[in-house]
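Chain letters run A, B, ... following the sequence lines, proteins first, then strands; residues in each count from 1.
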Amino acid sequence: NSSSSNGNTFLLPGATVATILMLGALHARRLYDDKKVEEAKEKGFEPGFQPDAKASFLGLLPLRTISRMWGSLMSVELPVKMRPYVYRAWARAFHSNLEEVALPLEAYPSMRDFFARRLREGCRPIDNDSQCLISPVDGIVVRFGELKEPGAMIEQVKGFSYSVSALLGLNSFLPMVSGKDVAEKSSEVENVHRDQTKKSWWRVSFSSPKFQEPVPASPMKGLFYCVLYLSPGDYHRIHSPVDWNVLVRRHFSGRLYPVNERATRTIRNLYVENERVVLEGHWQQGYLALAAIGATNIGSIELYIEPELRTNRPRKKFLQSEPPEERVYEREGVGCMVKKGEEVAAFNTG
Amino acid sequence: STVVLVFQAPVAKSTKDNTPSTDFRFNIKRGDRIHVGEALGR
C-alpha cells in the first residue's frame, strides 16, 4: 500500500512536469519556426503555403465554443481599482496606445468593453480629399492590388489564392472583371444606381436571378482589393472608407480560425472558411464591398446600421455549412447611406 | 481579425494628349501600418 500510495504521490507532479516540458518544447519549436520565417522574409523570400499538423489540429477544435467562452471570460466585470492594472498589462502585451483611449481606464467595466473602446476625438483625422479612399481600420496592409483575371482570385499567401465571389457570397453583385462586352449593360446598371426613384429595382435585383449574375465592369473601371490585418491590441472599430450606399448585408456563420500571419500560411481558404459579415453597395465609382472577418479571439462583429445582428451564435450540428443569411437594406430603396469616416461596425470578443 | 475591401475604380486610360490619367492608384506598401482615415489610394 505504501509503495502504491508513494507511486500515486509522484504520478500527478510527474505528469504535470512532463506536460509543461512538452508544451515548452512545442513553443520553442514554434518560436524557432517563426524566427526562420522572419529571417527568410528579411531576405525578401516569402514562404509559401504549407499546411501543417497544427492547422489540421485546429480544424478539430470547437473554435466557436472556445471563442464564446473567451468572450464570457472577457465580459467579467472587474473591480474598479483593478481595471487600470489589467488594461495596462493588456496594452503592454499587445502594444496598444493608451494615450488615445477616449475614457479613463476605470470607466471600462470589463476587458470586453475596453477591447471595443473608442478613441479620443481627433485621434484619427479623415483624409477628406474626395478622390481618395481611406482605411476603414487600424492595422497592417497584408495585400492589395487589382483583380485582373475573370476568376477574380486574391492571393492568401504565395502558392494559395481564394476566390472573391466565395469570400463575398455567390449572391454577390460583384462586377465581372474587365468585361470587354456589354458596356451598355453596365452603364444601364450605373444609370439605375443613380436613379434612386426605382425603389423596386433593388428589391427585384436581389431576388431575381437576372441581376444576380455578376454585373460586367464597364471597360474603364477596374476592380481593386485591399486586405488589412488587425492585431489584438489595435483599435477595433470599422469606419466607412468612402461615402457610399450599403445595400446588402450577408452574414456567413463560419469557423473561427486564428487569422494571424502563421494561419494565412497554413490554413486553406482561411478568410472563406471564417465567420464574417459582408456589406455590399455602391459609391461614386461603382461597386464597393467590405468584408469583416472574425477570428478565434474575436467572434463578434457588430453593425451600427443593424444593431440587432448577432454573430458566433451556437449552431445546430447538422447545419455545419449553412448558407449565408442575407438582408437587403430598404431605406428609400437606396439602402443605408454612410459617410466617409463614419463608424459602421465593430469587432469584439465572444 | 481582418477586413477585406473590394471596390470598382477608374483604370488607366491611354492618354494620347498627355492629359493626366484618372486611374486609381494605391499609396501603400505591403506590411505598412495604417490607421483609420489615412488614404489607401487616390
For this session: Could you tell me which portion of A:Leu119 (side chain, backbone, both or neither) has an atom closer than 4.5 angstrom to a non-hydrogen atom of chain B?
Result: neither
Problem set entry | Heavy-atom pair count under 4.5 Å with chain A, highest-scoring of B:Gly31, B:Gly37, B:Gly41, B:Ala39 | B:Gly37
For this session: With the side chain counted from C-beta on, respond yes when B:Ile28 and A:Phe144 share a heavy-atom pair under 4.5 Å apart, and no when they do not.
Result: yes
Exercise. Going through the distances and angles, do B:Val36 and A:Arg237 end up as a side chain to side chain contact (heavy atoms under 4.5 Å, CB included)?
Worked result: CA-CA 9 Å; B:Val36 168; A:Arg237 286 174 186 263; over 6 Å; no
Exercise. So what's closer than 4.5 Å to chain B heavy atoms on A:Pro136: side chain, backbone, both or neither?
Worked result: both
Seminar exercise, completed: So, the part of A:Val142 with a heavy atom under 4.5 Å from chain B: the answer is backbone
Problem set entry | A:Trp244/B:Phe7 under side chain to side chain contact (heavy atoms under 4.5 Å, CB included): CA gap, chis, key distance, verdict | CA-CA 11 Å; A:Trp244 63 309; B:Phe7 56 95; over 6 Å; no
Exercise. Is A:Glu100 paired with A:Arg117 through a side-chain N to carboxylate O contact shorter than 4.0 Å?
Worked result: no
Problem set entry | chain B contact via A:Ile298 - side chain, backbone, both or neither, heavy atoms under 4.5 Å | side chain
Exercise. Picking from A:Pro125, A:Ala295, A:Gly139, A:Ser231, which has the most non-hydrogen pairs under 4.5 angstrom with chain B?
Worked result: A:Gly139
Exercise. Is A:Arg112 salt-bridged to A:Glu302, cutoff N-O under 4.0 Å?
Worked result: yes
Exercise. Is it the side chain or the backbone of A:Asn128 that comes within 4.5 Å of chain B heavy atoms, both, or neither?
Worked result: neither
